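Source: prediction; values computed, not measured. The chains referred to below are lettered A, B, ... by the order of the sequence lines, with proteins before strands, and numbering in each begins at 1.
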Amino acid sequence: MPYNHQDVEKKWQERWQQAGVFHAKDNSIKPKFYCLIEFPYPSGAGLHIGHPRSYTALDVVARKRRMEGYNVLYPIGWDAFGLPTENYAIKTGRPPQEVTNENVATFKRQLQSLGFSFDWSREVNTTDPSYYKWTQWMFLEFFKAGLAYKARMPINWCLSCKIGLANEEVVDGKCERCGGPTEKRHKEQWMIAITKYADRLLEDLESVNYLEKIKTQQRNWIGRSEGVQINFSLMVPGQPDGKHHVTVFTTRPDTLFGATFLVVSPEKAQEWIQVGWKASDEVQVYVSAALKRSEIDRGAEDREKTGVDTGVRAINPANQEEIPVWVADYVLGGYGTGAIMAVPAHDERDFAFATAFHLPVRQVIRLANAPVRSYVMGADGISPADFENIGVTIARKTADGDYEVEIPRGREKEFERLMSEKMAPGFWNEYVGDETVFLFKHTDGHIERLVMNAQTMARIDELACEFNHLPYDPKDPGNYINGALARNTWYQPLIVHTQPGVLMNSGEFDGMENEQAKSAIPKKVGGEKKVQYKLRDWVFSRQRYWGEPIPLVFCQTCGWVAVPVEHLPVVLPIVEKYEPTDTGESPLAAMADWVNTSCPTCGSPAKRETDTMPNWAGSSWYFLRYIDPHNDTAFAAPEKLKYWMPVDWYNGGMEHTTLHLLYSRFWNKFLFDRGHVPVSEPYAKRTSHGLILAEDGTKMSKSKGNVVNPDEMVEQYGADAVRLYELFMGPFAEPVPWSLNGLVGMRRFLEKVIDAGQKIVDAEDAEVTRLLHQTIKKVSEDVEAMRFNTAVSQMMIFINGVKQMGGIRSTSFFLFLRVLCPFAPHLSNELHESFGGKELLETLPWPMFDPKIAQAEVVSIGVQINGKMRATIDVAPDAPQEQVQARALREPNVQKHLEGQTIRKTVYVAGRIINLIV
RNA sequence: GGGCGGGUGGCGUAAUUGGUAGCCGCGUCAGCCUUAGGAGCUGAUACCGCAAGGUGUGAGAGUUCGAGUCUCUCCCCGCCCACCA
């Protein structure tokens, strides 16, 4: 039976509104439940088909909680500041305020058409002055606490557009909009010291219920690493020795003896030049070129290492060795001290650099516990008995008279002695785990080591010949070895390993476990323990129009002064043009009568800050405003905050796990420290949903023309069908392709529900009752675990069952409608009413199930013989083994397979299988 | 390169967490009903085979009475981060 979904949906949406069933109460004896979705950015394109996935999921949760007796807050609002709207304004000349209002109206209509149970009376908009008044107020709190500060920061500058670009607007070093080249420029920016909270943001992850992958991403983003700072004294040409030094940060102080050179970042070199270092022309050219490049550009260069020798020398404090200091852009200015000690034998990047510039490599750690195999070539002077005498076993002897031997742990020294005494000059090698140690006996009798891994082995001759400038002949693998022997020049290890092990080539530390050396070596050289974070302070300035004005005034005598609280909000003035100015400043800078003001402290002429805030600002605290959205004396009343916070369940996209989630946690912690909010962590639970892809499995995009329009879907198939499909299409956390046919299937299901309502009987089959209780159970559990797809599936199984079993009692049908209501609220209310239900389903309690009824009376279990399925039999779920076994033996197919066999053992799992072992 | 997910019919997926692999939906096929069907109803649908039967969860090994699920080796795909010392 088809139904007119458009009328039905409109009718119930109006009823809900009239009844106000979704309004959260600020004072209630019910337990509270605060359920939050990420508020959307109201773009000109309208609602994306992906938005409702998250909203429907938490709508189901919110609706279920209400029926379970909770006072639920499920709010909605608009994160409306941002670049797309501003760019649209620049293009069309229309005020962004106006464009935003239009977009919000569209979004609102679209969301309402889907029947979400949002509390629309608490709608907020970040661009509303009564909202951003408080964003500004909070910024001033940061300012007053000394956490907001001004710093010179590099920005990406597009040479043709003459504007500053956000990092994500720079693609391959080029401007995203015009394709022109970009460079780095320096500009004073407002910063917020989020790094002061790094430790707490990390530690407090322990106290919240986030998906583990979300926690991991937050941890990685914060990027805490413990290490040591070590001083190296410098010898600068033309300056007295011992006057200068450089500090490096390292997490591997245990490898200090292997530090064969230092590398400083271009930024560090620039600093030195500024304080009077006379760098060579080559160094100056390199440094200025590196500094111009954007960071993204620097990373995109396929890791080809570049760099220049500075001519400066440093003293390795471990062994007093004199080592060169290089400048290279693979060392970042903004992390650690901007200078590193390079240990090429145990760091991939340092190794690549050393190889590119022929710098020495010294292995200082060997693998501790791997077995040792050795291949002995040209062992003319050695007999098998010599090996046996020292406990070395011969695994293989080749036709050429070479040996492959196995050396027990602890016998390496004896083996080495035997080699040096008895063997003719030549080489042998040891396999230690996946690396090979080559040992060379020179003509003068001394032994050298060479370390390689398996892959390198295959190319050893080629690489080594190239390195030693020897001719390479692939047909003669001995070429390199012979050449090297003849010239006595080789020593270069060709492998880098970063695994733990035991120290070597490290003076008094030889033989020490490297973990132990991590504290022992710094102790000797005076290293200082230090914790570093990848997290940087938050760049809070944007040279843009469409953002919250930063409420500060610059006065010649008083410096930066906060706009007094009673003058907030600093309202974004209407300007004529929205383009950034030629100097890269916000269009606000061109408004002389807005910019020029007087100092709130001394009254002398002063200028307003023309930078605006990033769009992360308004979204960092919106969950607090929902609690008391119309308050004009505070961002929210303390007692309301105390009642509602923290958010009980927050769902959003993985793309916001690092920035938005971290910023808002930080923002809330700061407000907590200032005594403005009652909890330190804003979100008790955080989950995330998967992307909805186009039918072809690729991302939906306007340019590909594969975007699904939610309006059309709702119009044609109904909001309930769309809601069900968004939940049914696949596991909630996974990306899933959209399928129109799948949506049609949901529509069919809804019509089957209507049909089931036509089959009301006085006495239903016990199977229907059982299915109903199973369905209540499964849906209840699945919603909590976010397994919405299987919850919907179970409801389908139920409806199929009703049809097959010939009908349903009206009381059962009513119970089913209550279960269906959170998923398909319009149709379930309509059916409920048409069968005489007076109340809104939303006001009825969530149904309970009886586990005894849900339990099946008869289960069919598998009969296996030696683990192979031979039959299935129907038995009671708790039937004793003897009974089941007897029953199983009566099966003809079982008898057939048992013929001539005796049962040795039986494994019986009640309700599942019985396995006869013969 | 690092981190996190995955690989099951023609497709999206499910599997009580070590116990009958393929539930539910889509698609397809057959039949019914229809002037018609991109509507509805009924049934079938992992693969090979007429059948008995056999095979089957990316590949290969292992543990187990029993493996999609656990262990090891390898291959492929997706997302995020990416020279962080």
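As judged by a 4.0 angstrom heavy-atom cut-off over every strand, A/Val909 is placed among the base-contacting residues. As judged by a 4.0 angstrom heavy-atom cut-off over every strand, A/Lys803 is placed among residues touching the sugar-phosphate backbone only. Using a 4.0 Å heavy-atom cutoff across all strands shown, A/Ser739 reaches no nucleic acid atom at all. Note on A/Ser225: only backbone sugar-phosphate atoms sit closer than 4.0 angstrom, heavy atoms only; bases stay farther off. Residue contacts shown for A/Arg870 are limited to sugar-phosphate atoms, with no base heavy atom under 4.0 Å away. At a threshold of 4.0 angstrom between heavy atoms, the contacts of A/Asn893 are confined to the sugar-phosphate backbone, with no base atom among them. Heavy atoms of A/Gly336 sit nowhere under 4.0 angstrom from any nucleic acid atom.
A/Glu751 places its CD atom 10 Å from the C1' atom of B/rG40, with the value rounded to the nearest Å. In this structure, the CD atom of A/Gln804 is 12 Å from the C1' atom of B/rG43, given to the nearest Å. Here B/rC4 presents its C1' atom at 13 Å from CZ of A/Arg219, a figure rounded to the nearest Å. Computed from coordinates, the A/Asn800 CG to B/rU42 P distance equals 9 Å when rounded to whole Å. With rounding to whole Å, A/Tyr725 atom OH is found 11 Å from B/rC26 atom P. Taking atom CG of residue A/Asn220 and atom P of nucleotide B/rG5, one finds them 12 Å apart after rounding to whole Å. Nucleotide B/rA85 holds its C1' atom 15 Å from the CD atom of A/Glu226, rounded to whole Å. In this entry the distance linking CE of A/Met796 with P of B/rC26 reads 7 Å, nearest Å.
Side-chain contact annotation: A/Thr775 with A/Gln794, donor-acceptor N/O pair under 3.5 Å present. There is a side-chain donor-acceptor pair under 3.5 Å between A/Tyr533 and A/Asp199. Between the side chains of A/Gln895 and A/Arg890, no donor-acceptor pair is found at a separation under 3.5 Å. Side-chain polar atoms of A/Asn741 and A/Ser739 form no donor-acceptor pair below 3.5 angstrom.
B/rG25 and B/rG43 are spaced 12 Å apart, taking the P atom of each and rounding to whole Å. Comparing B/rU34 with B/rA52, their P atoms sit 38 Å apart, to the nearest whole Å. Rounded to a whole angstrom, the distance from the P atom of B/rG18 to that of B/rU71 is 11 Å. Taking atom C1' on both B/rC75 and B/rG60, the two are 10 Å apart, rounded to the nearest angstrom. Remark: the separation of the C1' atoms in B/rU57 and B/rU8 is 4 Å, to the nearest Å. Only the C1' atoms considered, B/rC4 is 28 Å distant from B/rA21, to the nearest whole Å. Rounded to the nearest Å, the gap between the C1' atom of B/rG10 and that of B/rA59 is 23 Å. When the C1' atom is used for both B/rG7 and B/rG58, the distance is 6 Å, rounded to whole Å.
You won't find any donor-acceptor pair under 3.5 Å spanning the side chain of A/Lys213 and the base of B/rC80, going by distance alone. Side-chain to base pairing of A/Asn915 with B/rC65: one donor and one acceptor N or O lie within less than 3.5 Å of each other.
Note on ring orientation: taking the six-membered ring where Trp is involved, the planes of A/Phe788 and A/Phe732 are perpendicular (angle over 60°, cut-offs 30° and 60°).
When each of B/rC83, B/rC80, B/rA14 is scored by its nearest atom to the side-chain atoms of A/Gln217, the top-ranked nucleotide is B/rC80. The side chain of A/Thr790 lies closest to B/rA15, out of B/rG53, B/rA15, B/rG12. Side-chain proximity of A/Val907 to B/rG19, B/rC24, B/rA85: nearest is B/rG19. The listed nucleotides are B/rG40, B/rG19, B/rC81; the one nearest the side chain of A/Ile913 is B/rG19. Of the candidates B/rA85, B/rC24, B/rG3, the closest approach to any side-chain atom of A/Thr216 belongs to B/rG3. The side chain of A/Asn789 lies closest to B/rA14 when the candidates are B/rA14, B/rC83, B/rG3. Of the candidates B/rA85, B/rA52, B/rC80, the closest approach to any side-chain atom of A/Lys896 belongs to B/rA52. Among the nucleotides B/rC65, B/rA85, B/rA14, the one closest to the side chain of A/Pro731 is B/rA14. In the set B/rA85, B/rA21, B/rG27, B/rA21 carries the atom at the smallest distance from any side-chain atom of A/Met869. Closest approach to the A/Met746 side chain among B/rA15, B/rG25, B/rA85 is made by B/rG25 (side chain taken as heavy atoms from C-beta onward).
When each of A/Pro735 and A/Val744 is assigned the nucleotide of RNA chain B bearing its nearest heavy atom, the one mapping closer to the 5' terminus is A/Pro735. Nucleotides of RNA chain B nearest to A/Tyr335 and A/Asn741 differ in position, and the one nearer the 5' end is that of A/Asn741.
B/rU42: Watson-Crick or G-U partner is B/rA30, with both key distances under 3.5 Å. B/rU73 is paired with B/rA59 under the Watson-Crick or G-U wobble criterion, all donor-acceptor distances under 3.5 Å. Summarising the base pairing, B/rG53 is matched to B/rC48 through a Watson-Crick or G-U wobble pair whose two defining distances lie under 3.5 Å. When both distances must be under 3.5 Å, the Watson-Crick or G-U wobble mate of B/rG1 is B/rC81. As the counterpart of B/rA21, no nucleotide is assigned, since no Watson-Crick or G-U wobble pattern has both distances under 3.5 Å.
A close approach under 4.0 Å does not occur between any side-chain nitrogen or oxygen of A/Lys215 and OP1 or OP2 of B/rG3. OP1 or OP2 of B/rG40 sits under 4.0 Å from a side-chain N or O of A/Arg748.
Stacking of A/Lys305 on the aromatic ring of A/Tyr330 is recorded, both the 6.0 Å distance cut-off and the 45° axial limit being met.
Classified by its glycosidic torsion, B/rG12 falls in the anti category, the angle being over 90° from 0. Base orientation for B/rU17: syn, the chi torsion being within 90° of 0.
The aromatic ring centroids of A/Phe798 and A/Phe816 lie less than 6.0 Å from each other.
In this structure, the side chain to side chain donor-acceptor pair (under 3.5 Å) partners of A/Glu891, at least two apart in sequence or on a different chain, are A/Arg887. Looking at residues two or more places apart in sequence or on another chain, you find no side chain to side chain donor-acceptor pair (under 3.5 Å) involving A/Lys530.
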